[in-house]
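First the structure, in the form of structure tokens, and then the observations on it.
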Amino acid sequence: MTHSSDIKPESWLVSAGRGSQPGDPLNVPLVPASNFLIGSGREYSRDDGTPTWEALEALVGGLEGGKALAFASGMAAIAAVFDQLAVGALVVLPDDCYQGVAGLAIAGAERGRWTLQRIGVDDTAAWVAACATADLIWLESPSNPLLTVADLAVICAAPRKASAIVAVDNTFATPLNQQPLKFGATVALQSATKFIGGHSDLLAGVATTNDLGFWHAIKKSRELTGATPGTLEAYLAVRGARTLAVRLQRAQQSAMLLAERLEAHPHVMRVRYPGLASHPTHATAQRVLKGFGTIISFDLVGGAEVADAVCQHVQLIQHATSLGAVESTMERRAAIPGQEHLPPSLLRLSVGIEDGEDLWTDLAAAIEVATSKI
Ligand SMILES: *Cc1c(COP(=O)(O)O)cnc(C)c1O
């Protein structure tokens, strides 16, 4: 197999994990196995992995620029990072991030396992200051769901304790738009459930690091907690990832189109998309991201009721949670328990690979119907 550094990521996505010997299957083999004949060093999959998981690890590791480990879900990979903390550690978390991560961090703090400090995603000076004392610096950029972009180039290079972990949830950016390890992060996380898989048909997560000691530590966590990926899921994630670059390129084009049209719409109060000049962290996004992504958040005039009505009236766009798939999905985030702090009418739209004009026709019609009564 060609090395990931010899070819463009677009080519790596298509070629990674394939066989190389005459007679090898062209595609990644689906190996449903808990145990293997003793003698090769691979005996039990929870400890030693399987060829199918390793294909996913090779693929994502090559993209992120490190050594990867696949997990049962994005949260399983994230929990393995938190699992490295000694009791009493200081964890620094963004004020806007994936609710599962916030939930995990808050629950651990309540049990006295660590203390928690929250910092605004775009408050770079506060992040740099916190790096000096923190044991785990947790970053997510662009953030979920407000799409604020953190200055990873500066934060990941800030002086920190030798033992500190800088973890970046890279799910929204994908390794095609951002490579946190290149900025100096310890570990990059992917919920492969989202863009890597890309078809809303699996749960998987991947952690990638350049620190071999850290890789062995999270591998030990995976072994001891049993947070192993499903074999079919790993196979599907590789299969889905083959088309990641073309999916992302097309969805990103449509996202820019929709963001611009939403911004000009009289019933839209505010659009958050890192590609818009009006976005508060647009300049940072231009510097640290290769592309602005496929997620748009926007607030409607008329509040939660109107936002709910838009969700009811879209037809091509699916009223569903999650993101990063071939199909466009949209939901009102403040309707989710625990997310009531968000603007009540904020809709998060994950743009898929449908035709961009068709998506706009669908969305504009739904907004028209929903706002006709106000
Ligand atoms: C979905 C998501 C996760 C969690 O991943 P799962 O695969 O659902 O466990 C973590 N971070 C971000 C940014 C996500 O979107």
Side-chain angles (χ1 to χ4, degrees), residues 53 56-57 60 64 68-83 91 93-107 121 136 138-150 152 167-178 180 185 187-208 218 221-222 225-230 232-234 236-238 240-241 244 248 251 255 272 274 289 293-297 320-325 327-331 333 336 338-339 342 346 348-352:
W53 307 356
L56 175 60
E57 289 163 353
V60 177
E64 296 272 23
L69 199 66
F71 287 85
S73 65
M75 282 309 300
I78 288 163
V81 175
F82 277 80
D83 197 31
V91 177
L93 204 69
D95 60 352
D96 182 43
C97 70
Y98 182 68
Q99 81 268 18
V101 178
L104 179 80
I106 292 166
V121 177
L136 173 60
W138 190 272
L139 293 148
E140 178 184 316
S141 180
S143 69
N144 182 9
L146 300 179
L147 301 166
T148 311
V149 179
L152 294 190
V168 180
D169 187 334
N170 203 28
T171 301
F172 271 39
T174 82
L176 294 179
N177 280 342
Q178 180 169 268
V187 57
L189 285 310
Q190 285 293 330
S191 166
T193 309
K194 314 294 170 53
F195 291 93
I196 303 278
H199 293 75
S200 304
D201 56 2
L202 64 92
L203 283 168
V206 182
T208 311
I218 55 174
S221 284
R222 184 180 77 173
T225 61
T228 49
L232 180 61
E233 283 76 359
L236 287 171
V238 170
L244 173 62
L248 189 67
R272 293 175 171 90
L289 293 171
T294 72
I295 322 285
I296 304 169
S297 287
T321 193
S322 202
L323 52 107
E327 73 281 2
S328 298
T329 54
M330 186 168 72
E331 68 175 333
R333 292 299 289 178
I336 297 167
Q339 297 295 291
L342 292 170
L346 182 116
R348 190 189 68 191
L349 169 63
S350 171
V351 180

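Remember, it's 1-based here, ligands and their atoms both numbered in the order they're listed. Side chains are part of it too, since the values below use all heavy atoms of this structure and drop only hydrogens, waters and symmetry mates.
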So CG of N144 and CZ of R333: to nearest 0.5 Å the spacing works out to 5.0 Å
Can you tell which of T171, T148, L289 makes a side chain to side chain contact (heavy atoms under 4.5 Å, CB included) with P142? L289
Residue selection (non-hydrogen contact nearest atom 7 (O) of ligand 1) among N170, T193, I295: T193
Nitrogen or oxygen atoms of G74 and ligand 1 under 3.5 Å apart: yes
Distance from S143 atom OG to D95 atom CG, nearest 0.5 Å? 7.5 Å
Closest non-hydrogen protein atom to atom 2 (C) of ligand 1, residue and atom name please, with distance? K194 NZ, 2.5 Å
Closest to atom 9 (O) of ligand 1 among protein heavy atoms sits M75 N, 2.8 Å
Polar-atom distance check: N144 versus ligand 1, any N or O pair below 3.5 Å? no
Nearest 0.5 Å, what's the CE-CG distance between M330 and L349? 6.5 Å
Could you tell me, atom by atom, which parts of ligand 1 come under 4.0 Å of a heavy atom of S73? 7 (O), 9 (O)
Would D169 count as being in polar contact with ligand 1, using the rule that some N or O on each side must be under 3.5 angstrom apart? yes
Could you identify the single nearest non-hydrogen protein atom to atom 5 (O) of ligand 1 and state the distance to 0.1 Å? S191 OG, 2.9 Å
Got a second to check how far L189's CG is from F71's CZ, nearest 0.5 Å? 8.5 Å
Any V168 side-chain heavy atom under 4.5 Å of E140 side chain: no
Pick one of side chain, backbone, both or neither for how V101 approaches ligand 1, counting any non-hydrogen atom pair under 4.0 Å. neither
Do side-chain atoms of S191 reach the backbone of G205 as a donor and acceptor pair under 3.5 angstrom? no
Atom 4 (C) of ligand 1 has as its nearest protein heavy atom Y98 CE2, 3.4 Å
Does any N or O atom in I78 lie less than 3.5 angstrom from one in ligand 1, N or O only? no
Spell out, as yes or no, whether a donor-acceptor pair under 3.5 Å connects the side chain of S297 to the backbone of P145. yes
